[in-house]
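First up is the structure itself, then whatever we jot down about it.
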Amino acid sequence: MSNDWKQWEDLPPEKEEELIEKLSDFLVKNRLGLIGKMLLESGGPLTSLFAEFYMGLYGPYFDFLEVDEYVALLRKKENISKLLARIEEKERKLRK
């Protein structure tokens, strides 16, 4: 990620799409799609709220662990929907 991005800002749209692809690939390839969908759907609006809260509180630690971009991704509710749809799509292709 470029040094221009700050943790309190939204990610650029192209980076969001890249992370959605990476995360959905990881979950589907490791057969964790169901668990991922359950966690994302069960959190609902709280997922975004917790992502916002924890990014503010633990932002420097997330940067050190290199998960800050993923937490920033989950701050936007529409990204959660996109991620769920992408997991579903990849699982459908895998079953065929």
Side-chain angles (χ1 to χ4, degrees):
M1 186 89 221
S2 75
N3 294 333
D4 297 338
W5 179 73
K6 304 293 182 214
Q7 294 166 336
W8 54 85
E9 298 173 344
D10 286 338
L11 292 167
E14 60 276 356
K15 187 64 179 178
E16 288 177 350
E17 294 301 321
E18 177 187 330
L19 291 175
I20 287 171
E21 279 300 310
K22 275 185 180 178
L23 194 51
S24 62
D25 277 344
F26 174 80
L27 292 172
V28 172
K29 284 181 183 175
N30 292 298
R31 301 194 181 272
L32 298 170
L34 179 62
I35 293 171
K37 289 187 294 186
M38 286 173 50
L39 289 173
L40 289 168
E41 288 177 346
S42 66
L46 293 177
T47 304
S48 299
L49 180 68
F50 287 134
E52 187 73 39
F53 174 73
Y54 286 120
M55 184 59 102
L57 192 60
Y58 299 112
Y61 301 109
F62 288 153
D63 186 28
F64 175 73
L65 297 171
E66 296 182 1
V67 296
D68 55 338
E69 294 173 347
Y70 291 99
V71 175
L73 177 75
L74 295 177
R75 281 194 306 221
K76 291 172 72 177
K77 292 176 189 168
E78 57 267 14
N79 287 337
I80 295 170
S81 300
K82 288 180 188 176
L83 180 57
L84 288 168
R86 195 69 182 121
I87 292 169
E88 283 284 334
E89 182 181 328
K90 289 184 180 205
E91 285 182 331
R92 257 194 315 268
K93 286 182 183 177
L94 189 65
R95 280 182 253 156
K96 290 184 179 180

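Taking Glu17 as the reference, Lys82 meet the salt bridge (charged side-chain N to carboxylate O under 4.0 Å, His left out) condition, with sequence neighbours excluded. Evaluation of the side chain to side chain donor-acceptor pair (under 3.5 Å) rule for Glu21 yields Arg86, Lys90 as partners, not counting sequence neighbours. Glu14 is linked by a salt bridge (charged side-chain N to carboxylate O under 4.0 Å, His left out) to nothing, counting only residues two or more places apart in sequence or in another chain. Evaluation of the side chain to side chain donor-acceptor pair (under 3.5 Å) rule for Lys37 yields Glu88, Glu91 as partners, not counting sequence neighbours.
Going from atom CG of Asn79 over to atom CG of Leu84 covers 11.0 Å, rounded to the nearest 0.5 Å. Here the CG atom belonging to Leu83 is positioned 10.0 Å from the CG atom belonging to Leu19, to the nearest 0.5 angstrom. Leu11 contributes atom CG, which lies 8.0 Å from atom NZ of Lys76 (distance to the nearest 0.5 angstrom).
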Practice prompt. Evaluate the salt bridge (charged side-chain N to carboxylate O under 4.0 Å, His left out) criterion for residues Glu18 and Lys15: first the C-alpha distance (whole Å), next the side-chain angles of each, then the deciding distance (0.1 Å), finally the verdict.
Written response: CA-CA 5 Å; Glu18 177 187 330; Lys15 187 64 179 178; 3.3 Å; yes
Item to complete: Test Leu40 against Leu74 for side chain to side chain contact (heavy atoms under 4.5 Å, CB included), laying out the working first.
Response: CA-CA 9 Å; Leu40 289 168; Leu74 295 177; 4.0 Å; yes
Show which side-chain atoms of residues 26-35 pair as donor or acceptor with protein atoms under 3.5 Å away, not counting sequence neighbours.
{"residue": "Asn30", "atom": "ND2", "partner": "Phe26", "partner atom": "O", "Å": "2.9"}

